[in-house]
Amino acid sequence: MNLTKPVYFDFAATTPVDERVLAAMLPYFREDFGNPSSIHRYGQTAEAAVDDARRILAQCLNCQSDEIVFTANGTESDNLALRGAAMAARLKRGANHILISPVEHHAVSVTARQLADAYGFEVEMLPVDSFGRVDPEKLASRLREDTAVVSVIYANNEIGTVNPIADLAAVCREKQIPFHTDAVQAAGYLSLNTATLLVNLMSIGAHKFYGPKGVGALYVRRGTTLLSTQTGGKQENGLRAGTQNVPYLVGMAEALRLAQTELPTRYEKVRILRDRLVGRVLEEIPGTFLTGHPEQRLPNHASFVFEGVDGNTLLMMLDGAGFACSSGSACKTGSPEPSDVLLALGLSPQLALGSLRVTLGKDSTPDEVERFADVLPDLVAKVRDLLGKRNG
Ligand SMILES: *Cc1c(COP(=O)(O)O)cnc(C)c1O
């Protein structure tokens with residue numbers, strides 16, 4: 001057992017709060033603790049902070065301030081987008097059809113399943129290619145007059161693949177069908193310019209880009225109608241009632257501002273390290289495949305499947321060797337079920353169980369990558385040996 005602090009290679013699961021972000025948040029816990037809805041000066045100070053945070057987010061998304069809805073996380077943004085748009089479209093025009101990709105995060109896919117099972121919506125899966133991408137022409141051929149909302153993930157959390165969001169959104173815009181994208185994973189590295197992305201709805205969550213956990217936002221284009229899923233006060237245009245989490249909103253805004261300012265540097269740095277890692281793993285370990293698109297993918301994201309390997313066993317061995325990685329989505333399931341996302345790419349359940357996700361961060365180092373690539377071949381061989389014995 002390696003007792004030094006493990007190397008963290010799971011930045012798609014979450015990131016540490018940047019110290020500059022924490023510094024921006026701190027005053028709003030104690031000195032400036034007011035409720036943004038109060039009339040007095042405490043309230044005014046808090047309201048000004050919320051307004052500033054909204055303005056900064058709007059700048060980052062190239063949109064208007066009133067198009068930003070603050071939420072409690074990426075999951076809530078996805079829920080509000082999908083459920084809110086589906087319900088509004090049903091009330092407004094009797095629409096009953098929902099289109100999503102089969103590689104959505106559970107925040108979208110399980111929400112869609114509930115809309116089908118409990119609310120009677122017809123949910124249809126768009127086809128994806130073997131990299132997990134949705135083809136705009138295939139989307140066009142499946143749009144219907146009664147389509148309530150379409151949702152396609154921007155950058156996939158498990159396989160890193162980036163979808164052609166602007167092209168997909170353009171197809172929906174032509175038919176005036178609201179288009180949502182889950183940009184939670186994309187936000188740290190890809191453009192969030194809503195003027196060029198053409199989306200109606202876009203979800204982000206702060207803890208994926210060095211902001212705090214428990215805060216997110218939904219971009220809602222002017223003219224896109226949602227039914228509020230949390231009712232009460234008039235906060236967030238009535239779309240999300242409840243006193244705003246002032247320090248966290250301030251933190252999210254600062255984190256996104258920093259992510260965009262430092263984007264070119266962060267992008268190149270992680271891309272070079274990631275390419276080195278992928279190169280060594282594919283070259284030095286036989287029976288290994290990259291999952292997701294080789295180029296159209298997040299710059300910090302590497303994901304593999306290994307023949308004859310149990311992913312969970314490999315993760316435990318990596319943990320023992322001092323590396324914190326993931327096998328796909330962050331959910332720790334005791335029962336080894338192959339990931340829906342990997343199955344949707346056409347992988348066999350057997351191969352899908354042998355997955356590994358390695359995601360780098362802005363402060364990852366070449367030395368960490370080399371050490372990882374040094375130990376992985378032996379660990380994979382060990383797991384293969386174990387599995388061979390168990391089955392043989
Ligand atoms: C992490 C993640 C979410 C969920 O965001 P939370 O803020 O953790 O609720 C949704 N979608 C994608 C693609 C993610 O990576």
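Both ligands and their constituent atoms are indexed starting at 1 by order of listing.
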Option passing side-chain contact (heavy atoms from CB on, under 4.5 Å) with L356 (candidates C325, S303, S326):
C325

Hey, are Q244 and E236 close enough side-chain-wise for a donor-acceptor pair under 3.5 Å?
yes

Of L218, T71, I153, which meets side-chain contact (heavy atoms from CB on, under 4.5 Å) against S203?
L218

Row check, F306 ring normal vs R384 NZ/CZ: under 6.0 Å, within 45°
no

Donor-acceptor under 3.5 Å (R357 side chain, N157 main chain):
yes

Under 3.5 Å, is there a donor-acceptor pair linking the side chains of Q114 and T111?
no

Show me a pair-per-line table, with atom names and distances to 0.1 Å, of protein N or O atoms that are under 3.5 Å from an N or O of ligand 1.
residue  : atom   : partner : partner atom : Å
ligand 1 : 7 (O)  : G74     : N            : 2.8
ligand 1 : 7 (O)  : H207    : NE2          : 3.4
ligand 1 : 8 (O)  : H207    : NE2          : 2.8
ligand 1 : 9 (O)  : T75     : N            : 3.0
ligand 1 : 9 (O)  : T75     : OG1          : 2.6
ligand 1 : 11 (N) : D182    : OD1          : 3.3
ligand 1 : 11 (N) : D182    : OD2          : 2.6
ligand 1 : 15 (O) : Q185    : NE2          : 2.6
ligand 1 : 15 (O) : K208    : NZ           : 2.7

